[in-house]
Amino acid sequence: MRKLKKYTPTKFMAKGSYYDKAAADYAVSFIEQLRHTKGEFYNQPFELIDWQERIIRDIFGTIRADGYRQFNTAYIEISKKSGKSELAAAVALYMLCADGEQRAEVYGCAADRDQASLVFDVSCDMVRLCPALRKRCDIRPSRKTIHFTPTNSTYKALSADVAGKSGVNVSALIFDELWVQKDRKFFDMMTKGTSDARKNPLHFIITTAGNDTHSICYELHQKAMDIISGRKVDPTFYPCIYGAAENEDWTDPKVWKKANPSLGITIGMDKVQAACNSAMQNPGEENAFRQLRLNQWVKQAVRWMPMEKWDKCAFGVNPEELEGRVCYGGLDLSSTTDITAFVLVFPPTDEDDKYYVLPYFWIPEDNTDLRVKRDHVPYDIWERQGFLETTEGNVVHYGYIEKFIERLGERFNIREIAFDRWGAVQMVQNLEGMGFTVVPFGQGFKDMSPPTKELMKLTLEQRIAHGGHPVLRWMMDNIFIRTDPAGNIKADKEKSTEKIDGAIATIMALDRAVRCGNVNTESVYDSRGILFI
């Protein structure tokens, strides 16, 4: 068995506790009998990286005088792509199969079902790749459970968006990406008093830094920092944080290494360098880089579009010159009392051409003056200048907009119209009746992230032309971005307190334009791949 070049017992060892090398060796040996489940390491022995082995030895080798583990809670905070999921899966399997607990109950928890499935799926693959475990374990993917027959123990994946977690008797809790947890209710439900009947429980929390300083994750982060600095003492709590300090240079490769102990092993320096270069060019990406790559706590949302870059794309857009050309629409109805946006995006006809953006906006006529006074936004001026229209009454008249789009269809070759499913059922049916191809467009990270990143790329390259439309400019300046654990992004409608309907419509239309292009042309996503930033 490979050993750390130098291991010294944790400085958080309490008085009366001791380091049991045999117990630590046993845990390390079990994990290193497992196999990696992904990428270039697939089916290779799980040889622990030094930082992983140190954590395992500290947790499983630090023993109280009564023979039980000192640490009941471990809080591990580290940047993305460091091998968190594999380590969490290995710990879950150890607690299920090798800890000696009869009828153990191991729970893999996360904010949603997909996130909870990540570690569970890795655990299942590790079992399948290990003949000894495969003989003794019953995997039931549909129930998200693994049953270990010799001790009648069970590992189950749970999430905050699924009900029915009462009555658990937790021997081990594996909580993945706690920073995504919206409130503390689920965490408290799974941790408060649930392990009182167990002699040797373990709550293993592994996460990247978050962006909400009022969250349960930040509360634990702060406790860990206080223990590390000596301001607090809790012998049952094991703190481990790899991250850059707030005042350190986030562009310095030496700082990257500090926050990424797996750099050069699970993630290449070139990937981090590319992400840093992109963040330096685009201020809207800086917070995501610092949070996900350097494990720094950042603001929950960040204003996204660098407007000086957007303004450089104010190339002329002449509707008459675009007549007859292939284009794609994005429709954001918002609410009947709000702004409705319809945006056409025309894909380039050759390598030297640009993506042309043609936006249209509507608000109810009767409350225009109220909006101007309340929102301090010059809707009245924009109307007089022809940059938005009003529809009769105190709500947006959808019938008028449908007829307007129908007339646009006579001028331009509108191949598809992408729309947000919310509140659009009737208009969609009417547009389809007019002969338009209308496609639903999800508003989650999966659908919104690729075209949102593409919009930024095209803006930075000055390959998009928007004619300096003031309403669209205002909305672009209003966008705040939210990032998920995988680095996907989308406009944050909650944080974007001003209107962003036109920006959303542009992003949806751009997605269809990039994917479909002109007739018989290849999608950029097919030839280049989706942009990962």
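For the numbers below, each heavy atom of this structure counts, side chains included, while hydrogens, waters and symmetry mates do not.
Atom CD1 of Ile507 is separated from atom OG1 of Thr452 by 3.5 Å, given to the nearest 0.5 angstrom. The distance from the OG atom of Ser85 to the CD1 atom of Ile174 is 12.0 Å, given to the nearest 0.5 Å. In this structure, the separation between SG on Cys124 and CG on Leu93 is 8.5 Å, given to the nearest 0.5 Å. To the nearest 0.5 Å, atoms CZ (Arg293) and CD (Glu285) are separated by 11.0 Å. The structure places CH2 of Trp304 at 8.5 Å from CH2 of Trp310, a figure rounded to the nearest 0.5 Å.
By the side-chain contact (heavy atoms from CB on, under 4.5 Å) test, Asp311 is found to be paired with Arg473, residues two or more places apart in sequence or in another chain being considered. In this view, Tyr238 and Phe71 satisfy the ring pair (Phe, Tyr, Trp, His ring centres under 6.0 Å) rule, not counting sequence neighbours. With sequence neighbours left out, Asp226 forms a salt bridge (Lys or Arg N to Asp or Glu O under 4.0 Å) with Arg231, Lys232. For Phe41, the ring pair (Phe, Tyr, Trp, His ring centres under 6.0 Å) criterion is met by His36, not counting sequence neighbours. Partners of Asp447 by side-chain contact (heavy atoms from CB on, under 4.5 Å), not counting sequence neighbours, listed by chain and number: Phe441. With sequence neighbours left out, Asn43 forms a side-chain contact (heavy atoms from CB on, under 4.5 Å) with Arg35, Leu129.
Side chains of Thr349 and Asp353: a donor-acceptor N/O pair is present below 3.5 angstrom, by distance only. Counting only N and O atoms by type, the side chains of Thr62 and Gln70 include no donor and acceptor under 3.5 Å apart. In summary, the side chains of Glu77 and Tyr75 do present a donor paired with an acceptor at a separation below 3.5 Å, with no hydrogens or angles considered. Counted by atom type alone, Tyr7 and Asp58 present one or more donor-acceptor pairs between their side chains at under 3.5 Å. Neither side chain, Gln291 nor Asn287, offers a donor N or O lying under 3.5 Å from an acceptor on the other.
Listed for the Ser117 side chain is a donor-acceptor partner under 3.5 Å among the backbone atoms of Arg113. Judged by distance alone, with hydrogens and angles left aside, the side-chain atoms of Asp99 form no donor-acceptor pair with the main-chain N or O of Tyr94 at under 3.5 Å. A donor-acceptor distance shorter than 3.5 angstrom exists from the side chain of Lys354 to the backbone of Gln462, with no hydrogens or angles considered. Of the possible polar contacts, none joining the Asp188 side chain to the Lys192 backbone as a donor-acceptor pair under 3.5 Å is found. At least one donor-acceptor pair closer than 3.5 Å links the side chain of Ser262 to the backbone N or O of Ser82. Side-chain atoms of Thr191 come within 3.5 Å of backbone N or O of Phe187 as a donor-acceptor pair. Between the side chain of Asp350 and the backbone N or O of Asp352 there is at least one donor-acceptor pair closer than 3.5 Å. Glu177 places no side-chain N or O within 3.5 Å of a backbone atom of Ala110 that could act as its donor or acceptor partner. For Ser79 (side chain) and Leu294 (main-chain N/O), no donor-acceptor pair under 3.5 Å exists by modelled atom type. Of the possible polar contacts, one joining the Tyr328 side chain to the Gly517 backbone as a donor-acceptor pair under 3.5 Å is found.
Partner of Arg57 under the side-chain hydrogen bond (donor to acceptor under 3.5 Å, both in side chains) criterion, out of Asp25, Asp20, Thr8: Asp25 alone. Shown are Thr207, Thr208, Asp176; of these, the side-chain hydrogen bond (donor to acceptor under 3.5 Å, both in side chains) with Lys84 is made only by Thr208.
Taking both residues in full, the closest heavy atoms of Lys499 and Ile339 are given as CG-CD1, 3.8 Å, listed atom of the first, atom of the second, then distance. Of all non-hydrogen atoms in Gly210 and Trp179, the two that sit nearest each other are CA-CB, 3.6 Å. Contact record, Ala503 with Ile479: CB-CD1, 3.3 Å, taken as the closest heavy-atom pair. Among all heavy-atom pairs drawn from Asp112 and Ser159, the shortest one is C-CB, 3.2 Å.
The pair Lys38-Glu86 fails the salt-bridge criterion, with no side-chain N (NZ, NE, NH1 or NH2) lying under 4.0 Å from an Asp/Glu carboxylate O.
Because its NZ or CZ atom is both nearer than 6.0 Å to the ring centre of Phe445 and within 45° of the ring axis, Lys490 counts as a cation-pi partner of that residue.
Taking the six-membered ring where tryptophan is involved, the planes of Trp297 and His221 are tilted, since the angle between them lies from 30° to 60°. The aromatic rings of Trp382 and Trp474 sit tilted, their planes meeting at an angle between 30° and 60°.
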